[in-house]
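Start at 1 and go down the list; that is how both ligands and their atoms are numbered. Owing to the predicted nature of the structure, the values given are computational and were not obtained by experimental measurement.
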Amino acid sequence: LMQLFRPLDMLGWVYRTIRQGLIDMADMFGLLDREVEVEDKPGAPALVVKRPTVTFEDVSFGYDRERQILQGLSFEAPAGSTVALVGPSGAGKSTIGRLLFRFYDPWEGRICVDGQDIREVTQESLRRNIGIVPQDSVLFNDTIRYNIAYGRDDPSEEAVRRAAADAAILPFVEALPDGFETEVGERGLKLSGGEKQRVAIARTLLKNPPIVLLDEATSVLDSRTEQDILATLKRVSSGRTTIAIAHRLSTIADADLINVMEAGRIVEQGSHTDLLRRDGLYAEMWNRQQSEDTAVAEAAE
Ligand code: ATP
């Protein structure tokens, strides 16, 4: 009889694991209170990623029928490149991330990964191929090890340490009396925003996905922390297709392509130098941030 039950047990475990994975992602996107509304097509195959190119083709979308947010948006992130999304608050940058994760389907147009429409493949396979480093990383009330290893089957001690080292959090963890076994989160040690983000970076490095979505924190970090985080984010994006949502333009100035968004449209597209030369919205945002930085530096003197 046990022989009979074991596969059922296994199924339950798989279901719970996937379910937990979805909740985890939804949580990271601040969508916990929303129902997951898209479903896999019956018999949908898994996404097969050989060259992780991401394409948005004429994508229109709104959360409610009455209010359209994205208006016929197109861009391509070729395999291995870094593409940035910048623009004023509310322009629709995070919405693009949510669509790529297929929390919602576009009203019109399509989103492809390596030539496959993401509506045609399983959500589990899609999400397995994309790592996110969210603005506000949510940690589980569990150990640092659990938080880094989350989503992996029993990674080796060595792999967890390497991910922590690459995310520049190893010295911090090692200085704690319980090291990787330290309980964090609401019921344990409270980590700072930067430390939480590093744990999320370590988790992504361990997951090793071909595509990453970086959602830069809005909060102003001191410039040393910002430099440190930038260096670690560079390590995350190296060799992967990266879509970076940025508030500070200095963090994405060397991206291969910058999409400047305003009110759900891409209004300018190009490299940093192209966009400065164009002297439009990007140049205006850049000059404003440069003078703000100068003012902050002068005030600090
Ligand atoms: P920010 O730079 O402030 O993070 P953003 O460019 O990422 O902004 P989005 O978060 O994509 O902007 O939001 C775009 C628009 O969609 C906003 O007007 C917002 O109010 C609306 N919006 C975002 N999430 C939802 C939601 N879950 N339901 C309804 N409307 C939403």
Side-chain angles (χ1 to χ4, degrees), residues 22-39 54 56-75 77 82-111 118 123 127 130-138 193-194 196-197 200 211-221 226 229-230 233 237 242-253 255 257-269 275 280-282 284-286 288-289 292-293:
L22 290 180
I23 291 171
D24 174 43
M25 294 298 176
D27 201 14
M28 286 180 174
F29 271 114
L31 293 171
L32 253 194
D33 51 341
R34 292 188 72 90
E35 293 275 306
V36 175
E37 23 189 276
V38 295
E39 282 182 17
V54 175
F56 275 65
E57 290 172 24
D58 228 355
V59 171
S60 295
F61 171 75
Y63 295 92
D64 306 297
R65 275 288 148 194
E66 299 76 55
R67 186 161 167 247
Q68 186 169 349
I69 305 284
L70 300 182
Q71 331 253 355
L73 194 121
S74 299
F75 70 89
T82 296
V83 169
L85 302 169
V86 304
S89 179
K93 306 181 293 292
S94 304
T95 303
I96 292 181
R98 293 181 196 128
L99 291 180
L100 177 61
F101 251 83
R102 213 179 159 221
F103 282 124
Y104 307 92
D105 283 331
W107 289 356
E108 280 166 57
R110 57 182 205 142
I111 302 166
I118 62 171
Q123 294 169 66
R127 289 168 193 173
I130 307 176
I132 19 170
V133 179
Q135 312 201 346
D136 296 306
S137 309
V138 181
K196 280 194 272 189
Q197 193 177 34
I211 299 164
V212 286
L213 183 69
L214 304 178
D215 200 345
E216 184 195 78
T218 348
S219 55
V220 183
L221 302 166
E226 181 170 309
I229 296 231
L230 260 181
L233 287 179
S237 59
T242 306
I243 297 184
I245 298 173
H247 296 92
R248 309 241 345 115
L249 301 185
S250 52
T251 61
I252 48 86
L257 178 74
I258 302 171
N259 290 305
V260 186
M261 294 185 61
E262 192 175 34
R265 286 175 207 279
I266 295 176
V267 290
E268 292 172 18
Q269 209 164 41
L275 293 171
L281 181 59
Y282 182 84
E284 188 192 311
M285 288 164 53
W286 176 260
R288 193 174 347 113
Q289 288 195 355
E292 277 167 14
D293 287 353

Next item on the list: Apply side chain to side chain contact (heavy atoms under 4.5 Å, CB included) to Leu70 and Phe56, showing your working.
Entry: CA-CA 11 Å; Leu70 300 182; Phe56 275 65; 5.5 Å; no
Next item on the list: List the steps, then state whether side chain to side chain contact (heavy atoms under 4.5 Å, CB included) holds for Leu257 with Gln269.
Entry: CA-CA 7 Å; Leu257 178 74; Gln269 209 164 41; 3.8 Å; yes
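Counting heavy atoms closer than 4.0 Å to ligand 1, residue Arg67 contributes side-chain atoms (C-beta onward) but none from N, CA, C or O. Only the side chain of Arg98 comes within 4.0 Å of ligand 1, judged by heavy-atom distances.
Within the listing of ligand 1, atoms 9 (P), 11 (O), 13 (O), 14 (C) sit less than 4.0 angstrom from a heavy atom of Thr95. Close approach to Gly92 involves these atoms of ligand 1, each under 4.0 Å from a residue heavy atom: 5 (P), 6 (O), 9 (P), 11 (O), 12 (O), 14 (C).
Note that the CG atom of Asp215 and the CD1 atom of Ile245 stand 4.0 Å from one another [nearest 0.5 Å].
Checking only distances, Ile69 never comes within under 3.5 Å of ligand 1, N or O to N or O. Here's the thing with Gly87: none of its N/O atoms is less than 3.5 angstrom from an N/O atom of ligand 1. Taking any N or O of Asp64, backbone or side chain, none lies under 3.5 Å from an N or O belonging to ligand 1.
For atom 14 (C) of ligand 1, the nearest non-hydrogen atom from the set Ser89, Ala246, Gly90 comes from Gly90. For the residues Tyr63, Phe103, Tyr104, the heavy atom positioned nearest atom 25 (C) of ligand 1 is part of Tyr63.
Ring geometry for Phe61 against Tyr63 counts as perpendicular: the plane angle is over 60°, on a 0 to 90° scale with 30° as the lower cut.
Looking only at distances, a side-chain donor or acceptor of Lys93 sits under 3.5 Å from a matching main-chain atom of Pro88.
Residues Pro106 and Ile111 share a closest heavy-atom pair of CG-CD1, 4.0 Å.
A salt bridge links Arg288 to Glu284: at least one charged side-chain nitrogen sits closer than 4.0 Å to a carboxylate oxygen.
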